[in-house]
Amino acid sequence: MEQQDQRNLLLALALCFGLFMIYNIFVLDPQQKAAQAARQQATANAVEQAASPTPTIRPREEIVTAGLASGQRAVVDAPSVEGSISLLGSRIDDVSLKNFYETIGDKEAKNPVGEIKLLAPAESERAFYATVAWTTPSTTTDDVLWTQTSTGPLTFDNPLKLSYTAAAVHIDRTITVDGDYMFTVADIVANTGATPITLTQKTQLRQRQTPDLVTTPHQEQGAHRGALGVYGTDKNQMKNYHDLTQGQAVSRAVTGGWNSLTTKYWMAAAVPEQGETVTMVARSEALNGAITYSAGYDLSPYEIQPGQSITKTARIFAGAKKLSVLERYENKEGVPSFTDAIDWSFMFFITKPFFYFLMLLQGWVGYFGIAILVLTVVVKTLFFPLQYNMYKSMSKMRLLQPEMKSIQERFAADPQRMRTEQANLFKREKVNPVAGCLPLIPTMFVFYALFHVLNVTIEMRHTPFVGWIRDMSAADPTSIFNLFGLIPWEPRSVPLIGGLLGIGVWPILYGITMVGLQGLSAPPADPMQKAIMKWIPLLFTVLFAGFAAGLVIYYVWSNLISILQQYIIMRRTGVETEFDKWMKKRFGGAKKPA
């Protein structure tokens, strides 16, 4: 490999590691600091929590079963969600997501027990629920018992109707659910007294603090977790769980928008009527003996005259952040920028169109795995002019190698003269030494875009390829260190170095294709550089072992196409590659008899 080629490769390595350093600085380090701060905060909160009455925490299933048996819960059975609604406070607090599962095994077995249980009652360990409550200066409907006035469960075609009556106030509530994840709560509030009353509607999402929300486990890295919303015209308003724990509360008066509590794949969002003036709120507080996060909005107070009524509608989204679903709510139901609930990262102008294009390919070919292969061909075709110039430049540099070596020998004692002669040679032969660097820039953008969308989009979660790859968003599950499953031992369980031991089949194939690419270029003349180059495929094999399998598959396929392209171009320019030399030595070295 020529000196310039070595510089190009080193530049590529620098760009790769630079990208991961940025990822470490802006993602991993803050997460580690947040985890440490959360532990400190947990100690500080102990006194405050001890002062509050601690309710008895019961299993979710026990709470739901008891509520259904006593008639204080209404069943929910919709196309995409199932569960129940508590008549106490009219809380949407028991929602499981159909067709989404905790593990790939549950998905393949269609195990209902393994369904994602997004919302859970306030008395459960992982409490997460939504309330739409009316308040006066002295009372609230947040914890009153509503009366069910309809029959049967809440389904797509059968609304749930509730009522509540107190002194001077009567509320008729109708809850509907669509084919996806949106609950609509429509209230008719009537003043049945003799004097005016003033009420405010508060729509809130509440979630009990659990260790995984603050410490950010590995599978949740790379995506915002916490309060997220559109406040009026201000998009992507974010406060992560750590910020909320530290007392960074939000209270902003705006017109329209939405507010939510979200993790990487799942979200519960409160959506007001878009012409309504609301106060968006997000905070943490000591509630029911535990630190609880809340996000939502408050309507402006309404004064209702005797004998009069008002009608207000609130919407609660509780489901998966699936792009097509969010897009429908955004475009057809007027929820502004709802697709930005997916964390597209600070490079959203690249990652978002990239995923749209991947979705388009998936719609044509039917499978995401094949779509990634087609995407590779498209990317290589688009970048071929740049790649062609790079390969052509590399070929010319190979042809100039004898002259370059001669210049180095003649002017070894005068580095300045050596560089001048080399520059004159490049100019005379019309060779651009930096031409090989240009393709690296768009390649890095593609790397980042694919890396990110595989990590944060639910469409890629639990999506199989072929063979043993059952989830392209996760690393290749096989490992060379347990003979790809023949030995009953999990190398990734080893402390500290477990991640380095999980080298599966696809990372190994990636390393082999890197060796193949190196075989098309001459090795460096310097023995030290030559030794380093031999280790690079192994280093990248270990590095890629922890990446999503879909990303590794993309790069294996990309390397195979690059090998073919580079070999054809170099042969056409008259360059003998290392592969040609090996073939000649292996099959053409013997002399024919006279």
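Just so it is clear, the structure is predicted and the values come from calculations on it, not from any experiment. FYI, side chains are in, hydrogens and waters are out, and symmetry mates aren't considered; it's all heavy atoms of this structure.
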Using 30° and 60° as the class limits, which term best fits the ring planes of Phe100 and Trp266: parallel, tilted or perpendicular? perpendicular
Walk me through it: do Ile316 and Val271 pass the test side-chain contact (heavy atoms from CB on, under 4.5 Å)? CA-CA 6 Å; Ile316 300 294; Val271 186; over 6 Å; no
Sidechain-backbone polar pair: Glu273 side chain, Thr313 backbone, donor-acceptor under 3.5 Å: yes
With rounding to the nearest 0.5 angstrom, report the OG1 to CG distance, Thr149 to Leu160. 8.0 Å
Would Arg225 and Asp343 pass as an ion pair if we require N to O under 4.0 Å? no
For Phe465 together with Tyr367, are the ring centres under 6.0 Å from each other? no
If we ignore hydrogens and angles and just use 3.5 Å, is the side chain of Asn191 paired with the main-chain N or O of Ile304 as donor and acceptor? yes
Residues 175-185, side-chain donor-acceptor partners within the protein, below 3.5 Å, at least two apart:
unit_1: Asp178; atom_1: OD1; unit_2: Asp180; atom_2: N; d: 2.9
unit_1: Asp178; atom_1: OD1; unit_2: Tyr181; atom_2: N; d: 3.3
unit_1: Asp178; atom_1: OD1; unit_2: Met182; atom_2: N; d: 3.1
unit_1: Asp178; atom_1: OD1; unit_2: Tyr329; atom_2: OH; d: 3.3
unit_1: Asp178; atom_1: OD2; unit_2: Arg328; atom_2: NH2; d: 3.4
unit_1: Asp178; atom_1: OD2; unit_2: Tyr329; atom_2: OH; d: 2.6
unit_1: Asp180; atom_1: OD2; unit_2: Arg328; atom_2: NE; d: 3.3
unit_1: Asp180; atom_1: OD2; unit_2: Arg328; atom_2: NH2; d: 2.7

Determine whether the side chains of Gln248 and Arg283 contain a donor N or O and an acceptor N or O closer than 3.5 Å. no
Compare all side-chain heavy atoms of Leu261 with those of Met267 and state whether any distance is below 4.5 angstrom. no
Shortest non-hydrogen contact from Ala548 to Ser473? CB-O, 3.6 Å
Short side-chain to backbone donor-acceptor contact, Trp468 and Pro477, under 3.5 Å: no
Taking the side chain as C-beta and beyond, is there a heavy-atom pair between Val250 and Val281 under 4.5 Å? no
Give a yes or no answer on whether the side chain of Glu459 reaches the backbone of Leu323 with a donor-acceptor pair at less than 3.5 Å. yes
Close side-chain approach of Thr139 and Thr135, heavy atoms under 4.5 Å: no
Donor-acceptor contact present, side-chain Gln148 to main-chain Ser150, <3.5 Å: yes
Begin with the C-alpha distance, continue with both residues' side-chain angles, and end with the deciding distance and a verdict on side-chain contact (heavy atoms from CB on, under 4.5 Å) for Thr457 and Trp344. CA-CA 9 Å; Thr457 56; Trp344 300 109; 4.2 Å; yes
Specify the closest pair of heavy atoms between Trp258 and Leu228, including all atoms of both residues, with the distance to one decimal. CZ3-O, 3.5 Å
Distance-minimising heavy-atom pair for Ser124 and Arg208: O-NE, 3.3 Å
Does a side-chain N-to-carboxylate-O contact under 4.0 Å join Asp340 and Lys352? yes
Examine the side chains of Tyr101 and Lys110 and answer whether a donor and an acceptor come within less than 3.5 Å of each other. no
Would you say the side-chain atoms of His170 and Thr165 include a donor-acceptor pair closer than 3.5 Å? yes
Is it true that the side chains of Thr245 and Tyr293 contain a donor and an acceptor less than 3.5 Å apart? yes
Within this structure, what is the CZ-OG distance for the pair Arg73 and Ser86, rounded to the nearest 0.5 Å? 4.5 Å
Tyr448 and Phe354: CA distance, side-chain angles, deciding distance, side-chain contact (heavy atoms from CB on, under 4.5 Å) verdict: CA-CA 10 Å; Tyr448 178 81; Phe354 187 90; over 6 Å; no
Keeping the roles fixed (side chain from Lys117, backbone from Arg60), state whether a donor-acceptor pair exists under 3.5 Å. no
Is there a donor-acceptor pair under 3.5 Å between the side chain of Glu330 and the backbone N or O of Thr339? yes
Determine whether Pro306 and Pro196 make a side-chain contact, defined as any pair of heavy atoms from C-beta on separated by less than 4.5 Å. yes
Would you kindly say whether Arg173 and Ser90 are connected by a side-chain donor-acceptor distance under 3.5 Å? yes
Glu108 meets the salt bridge (charged side-chain N to carboxylate O under 4.0 Å, His left out) criterion, sequence neighbours left out, with Arg470
Under 4.5 Å between any side-chain heavy atoms of Val76 and Val95, yes or no? no
For a quick test of reading the model, state the closest non-hydrogen atom pair linking Pro301 to Thr200 and the distance between them. CA-OG1, 3.4 Å
Donor-acceptor contact below 3.5 Å, side chain Asn111 vs main chain Asp106: no
Give me the atom names and distance for the closest heavy-atom approach of Arg252 to Tyr231. NH1-CD1, 3.9 Å
What's the spacing between Gln362 CD and Leu360 CG if we round to 0.5 Å? 10.0 Å
Is Lys322 salt-bridged to Glu327, cutoff N-O under 4.0 Å? no
Would you check if Thr140 and Trp134 make a side-chain contact, meaning some heavy-atom pair closer than 4.5 Å? no
With Gln204 as reference, evaluate Thr131, Asp142, Asp298 under the side-chain hydrogen bond (donor to acceptor under 3.5 Å, both in side chains) test and give the passing residue. Asp298
Beyond-backbone contact of Thr292 with Gln209, side-chain heavy atoms, under 4.5 angstrom: no
Can Arg461 be said to sit on top of Tyr265's aromatic six-ring, NZ or CZ under 6.0 Å from centre and within 45° of the ring axis? yes
Is a side-chain N or O of Thr141 found less than 3.5 angstrom from the main chain of Val144, in a donor-acceptor match? no
Among Leu205, Leu119, Ile92, Asp93, whose side-chain contact (heavy atoms from CB on, under 4.5 Å) with Tyr129 holds? Asp93
List the atom of Gln201, the atom of Ala314, and the distance in Å for their closest heavy-atom pair. OE1-CB, 4.0 Å
Could you go through the side-chain contact (heavy atoms from CB on, under 4.5 Å) check for Tyr297 and Glu276 one step at a time? CA-CA 11 Å; Tyr297 65 87; Glu276 192 82 48; over 6 Å; no
Just by distance, do the side chain of Gln274 and the backbone of Pro272 share a donor-acceptor pair under 3.5 Å? yes
